[in-house]
**Q** 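One structure, as structure tokens, below. Some questions next.
Chain A is the first sequence line, chain B the second, and so forth, proteins listed ahead of strands; every chain is numbered from 1.
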2 protein chains.
Amino acid sequence: MFHADLIVGKWKPIILFHLLHNDKLRFSELQRAIPEISKKMLTTQLRELEYHDIVHRKVYAEVPPKVEYSITEYGKKLIPVLEVMRTWGLEHLQHLDELYGTKN
Amino acid sequence: MFHADLIVGKWKPIILFHLLHNDKLRFSELQRAIPEISKKMLTTQLRELEYHDIVHRKVYAEVPPKVEYSITEYGKKLIPVLEVMRTWGLEHLQHLDELYGTKN
DNA sequence: CTGTATCCGCTGTGATACTG
DNA sequence: CAGTATCACAGCGGATACAG
């Protein structure tokens, strides 16, 4: 209904977060920035984001290969959405902590 | 990171959407409002939303049973998040249509 | 370096039947 | 009416090896 899956999911917000703060990132840089993600998942998520015109994939015809990912102009429209989600996420954590006293 | 899972996922935004527009809804009313969802999933999602203090579950000690679900005060803080997501969702649909001409 | 291919276990989800 | 219990299965996603 809201098609939220296009930007949420386990990894997409994190990937977008890094891309928003770095302008361009290579595949390996994303891997290092998000160590918990597997190569396969990173590829899958990036392909989906690319398909939906949210990130751009620039391949350099070099050896060894070099690929840079960046947010598209259209993808930048997501910034407010991600901001609102992040803000809410922080407040929500605090609220949950007040309720249960858990820190995680 | 953003803990988006707490309100996104396959059904939660839809459930919240209905609760935001109806104030109170019984279990069966939610079932009818969202025919595609199974009883089990509806229960699961509602329990999670309840656990996170986003919806309130009011049980009437009657026979037959009657249960009403409503948004908590805290849950109302989600409205802007859901609004932003919905707005973006609509724009995104349009954008995808421009790209691929698909209507779905 | 940037992936793809394969195997494979685990979890999420549906269908169905049952209960207070 | 408002669920729970149980079974069953597909697909997500991890690990590993391989490829251009």
**Q** What nucleotide among C:dC1, D:dA2, C:dG3 has an atom nearest to a side-chain atom of B:K66?
**A**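 Nearest listed nucleotide: D:dA2.
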**Q** Looking at A:E73 and A:K76, does any basic side-chain N land under 4.0 Å from a carboxylate oxygen?
**A**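 Yes, this pair counts.
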**Q** From the options B:H18, B:K58, B:R57, B:K24, select the one residue that forms a side chain to side chain donor-acceptor pair (under 3.5 Å) with B:Y69.
**A**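 Considering B:H18, B:K58, B:R57, B:K24, a side chain to side chain donor-acceptor pair (under 3.5 Å) with B:Y69 is found only for B:R57.
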**Q** Checking side-chain polar atoms at under 3.5 Å, does A:H92 have a donor or acceptor matched by the opposite partner on B:Y74?
**A**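 Note: A:H92 and B:Y74 side chains meet the donor-acceptor criterion.
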**Q** Return the value, rounded to whole Å, for the distance between atom NZ of A:K58 and atom C1' of C:dT2.
**A**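 Atom-to-atom, A:K58 to C:dT2, this comes out as 17 Å.
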**Q** With rounding to the nearest 0.5 angstrom, report the CG to CD1 distance, A:L20 to A:I71.
**A**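 So the gap between those two atoms works out to 4.0 Å.
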**Q** Are the side chains of B:E50 and B:H56 in contact, using a 4.5 Å heavy-atom criterion?
**A**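 Heavy-atom side-chain distance check fails, nothing below 4.5 Å.
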**Q** Could you give the CD1-to-P distance, from B:I34 to C:dT13, as a whole number of Å?
**A**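 Interatomic distance, CD1 of B:I34 to P of C:dT13: 14 Å.
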**Q** For the pair made of CG in B:L30 and P in D:dC1, what is the distance, rounded to whole Å?
**A**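 Result: 14 Å.
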**Q** Which nucleotide in the set D:dC1, D:dA2, C:dG3 lies at the smallest distance from any side-chain heavy atom of B:R57?
**A**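 Looking only at heavy atoms from C-beta outward on B:R57, the closest nucleotide is D:dA2.
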**Q** Would you classify B:Y69 as touching base, sugar-phosphate or nothing, given that sugar-phosphate means primed atoms plus P, OP1 and OP2, and contacts are heavy atoms under 4.0 Å?
**A**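 It contacts sugar-phosphate atoms only.
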**Q** B:L30 and side-chain contact (heavy atoms from CB on, under 4.5 Å): which partner among B:L25, B:I14, B:N22?
**A**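 Of B:L25, B:I14, B:N22, side-chain contact (heavy atoms from CB on, under 4.5 Å) with B:L30 is met by B:L25 alone.
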**Q** If only side-chain N and O atoms of B:S28 are considered, is one of them under 4.0 Å from the OP1 or OP2 phosphate oxygen of D:dA2?
**A**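 Checking B:S28 against D:dA2: at least one side-chain N or O falls below 4.0 Å of OP1 or OP2.
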**Q** To the nearest angstrom, how far is B:K24 atom NZ from D:dA2 atom P?
**A**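 Computing the B:K24:NZ to D:dA2:P distance gives 14 Å.
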**Q** Starting from C1' on D:dG3, measure out to CD on B:E62 and report it in whole angstrom.
**A**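 In whole Å, D:dG3 C1' lies 16 Å from B:E62 CD.
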**Q** Nearest to the side chain of A:R26, which nucleotide is it out of C:dG3, C:dC1, D:dG3?
**A**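 Nearest nucleotide to the side chain: C:dC1.
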**Q** Base contacts versus sugar-phosphate-only contacts with protein, heavy atoms under 4.0 Å: please encode nucleotides 5-20 of chain D as B, S and - from 5' to 3'.
**A** -BB-----BBB----B
**Q** Does the side chain of A:R47 get closer than 4.0 angstrom to OP1 or OP2 of C:dT4 through an N or O atom?
**A**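 Yes.
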**Q** Pair A:R32, A:E29 - check salt bridge (Lys or Arg N to Asp or Glu O under 4.0 Å), show working.
**A** CA-CA 5 Å; A:R32 250 174 287 119; A:E29 291 175 325; 5.5 Å; no
**Q** Roughly, in whole Å, what's the span from OH in A:Y60 to P in C:dG3?
**A**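 A:Y60 atom OH is separated from C:dG3 atom P by 13 Å.
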